[in-house]
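Quick note: residue numbers are just sequence positions, from 1.
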Amino acid sequence: QVQLVESGGGLVQAGGSLRLSCAASGRIFSGNTMGWYRQAPGKQRELVASITNGRSTNYADSVKGRFTISRDNGKNMVYLQMNSLKPEDTAAYYCNAVTIVGPRYDRWGRGTQVTVSS
């Protein structure tokens, strides 16, 4: 079955750090670019960071220099290290495989909530 399971979110003060983890099924993960998306209330879902199978990375301007995406192909895991967190980072975070036209799979995981207090 296709599975995406996110974890690691929580409540943190501004300036703090969190590390998000995503466990993906092999069919989703293997050979694909993987990414982290986030969606805050009243805002559109956005792609925050992505990483190719060859470990090339891209970041949204809003998180560049603060977030780092990584992957462990042996474990089918993708991570998002979030440093210098800001209140505007508050959102539900989701992982998925990424294509040039958008997320690959329509069966999203439950996500993990990140809340940054000011």
Side-chain angles (χ1 to χ4, degrees):
Q1 294 182 357
V2 173
Q3 291 182 322
L4 292 161
V5 181
E6 300 93 346
S7 62
L11 175 63
V12 66
Q13 292 183 329
S17 298
L18 287 171
R19 190 190 191 210
L20 307 184
S21 298
C22 170
S25 68
R27 180 169 293 183
I28 295 174
F29 192 94
S30 183
N32 287 325
T33 297
M34 297 294 296
W36 284 95
Y37 298 81
R38 70 184 182 187
Q39 187 167 29
K43 297 182 179 179
Q44 293 184 342
R45 182 176 59 203
E46 63 173 338
L47 179 63
V48 173
S50 64
I51 182 167
T52 69
N53 190 59
R55 293 181 172 83
S56 296
T57 59
N58 279 293
Y59 298 93
D61 288 342
S62 59
V63 307
K64 193 172 297 181
R66 300 188 297 117
F67 291 8
T68 303
I69 188 171
S70 61
R71 65 192 291 162
D72 186 333
N73 290 349
K75 293 183 176 181
N76 291 343
M77 297 284 291
V78 59
Y79 306 96
L80 187 67
Q81 179 65 48
M82 311 165 70
N83 297 328
S84 301
L85 283 162
K86 303 175 180 180
E88 50 262 47
D89 296 318
T90 296
Y93 285 72
Y94 304 86
C95 64
N96 209 326
V98 178
T99 75
I100 193 169
V101 297
R104 183 176 178 89
Y105 298 101
D106 59 2
R107 287 278 189 171
W108 295 86
R110 293 182 177 179
T112 186
Q113 179 67 39
V114 172
T115 302
V116 184
S117 61
S118 60

Let me check something: do Met82 and Tyr79 share a hydrophobic cluster, defined by ILVMFWY side-chain heavy atoms less than 4.5 Å apart, either directly or through other members? no

To the nearest 0.5 Å, what is the distance between NZ on Lys75 and OG on Ser21? 10.0 Å

Go through the steps to decide whether Tyr94 and Val48 satisfy the test side chain to side chain contact (heavy atoms under 4.5 Å, CB included), and finish with yes or no. CA-CA 10 Å; Tyr94 304 86; Val48 173; over 6 Å; no

Can a donor-acceptor pair be found, under 3.5 Å and without considering hydrogens, that links the side chain of Thr90 to the backbone of Val116? yes

How many angstroms lie between atom CG of Asn96 and atom CD1 of Ile28, to the nearest 0.5 angstrom? 6.5 Å

Euclidean distance, Gln3 CD relative to Asn76 CG, rounded to 0.5 Å: 11.5 Å

To the nearest 0.5 Å, what is the distance between CG on Leu11 and CD on Gln113? 10.0 Å

Heavy-atom count check: over 12 atoms from other residues, nucleotides or ligands less than 6.0 Å from Arg107 CZ? no

Specify the closest pair of heavy atoms between Leu4 and Cys22, including all atoms of both residues, with the distance to one decimal. CD2-SG, 4.2 Å

Decide yes or no on side chain to side chain contact (heavy atoms under 4.5 Å, CB included) for Arg66 and Asp89, but give the supporting numbers first. CA-CA 11 Å; Arg66 300 188 297 117; Asp89 296 318; 2.8 Å; yes

Residues Asp61, Lys64: salt bridge by 4.0 Å N-O rule: yes

From Ser118 OG over to Glu88 CD, what is the distance, rounded to the nearest 0.5 angstrom? 10.0 Å

Taking all heavy atoms of Thr68 and all of Tyr59, pick out the closest pair and write down the distance. CA-OH, 3.3 Å

Would a line drawn from the ring center of Tyr37 to the ring center of Trp108 be shorter than 6.0 Å? yes

On a heavy-atom basis, the closest approach of Arg110 and Glu6 is N-OE1, 3.6 Å

What heavy-atom pair brings Trp36 and Val78 nearest, and what distance separates the two atoms? CZ2-O, 3.7 Å

Does this structure show an ion pair linking Glu46 with Arg38, if we count only N-O contacts that are shorter than 4.0 Å? yes

Tell me whether Phe29 is reachable from Ile69 by hopping between hydrophobic residues (I, L, V, M, F, W, Y) whose side-chain heavy atoms are closer than 4.5 Å. yes

Exercise: identify the closest heavy-atom pair between Asn53 and Arg71: N-NH1, 3.4 Å

Ignoring hydrogens, what is the shortest heavy-atom contact between Leu80 and Ala49? Give both atom names and the distance. CD1-CB, 4.1 Å

To the nearest 0.5 Å, what is the distance between SG on Cys95 and OH on Tyr105? 12.0 Å

Do Asn73 and Met34 make a side-chain contact, defined as non-hydrogen atoms from C-beta onward lying under 4.5 Å apart? no

Are there more than 12 heavy atoms of other residues, nucleotides or ligands under 6.0 Å from atom CG of Asn32? yes

Could you walk me through whether Arg104 and Thr33 satisfy the side chain to side chain contact (heavy atoms under 4.5 Å, CB included) test, starting with their C-alpha distance in whole Å, then the side-chain angles of each, then the deciding distance to 0.1 Å, before giving a yes or no? CA-CA 10 Å; Arg104 183 176 178 89; Thr33 297; over 6 Å; no

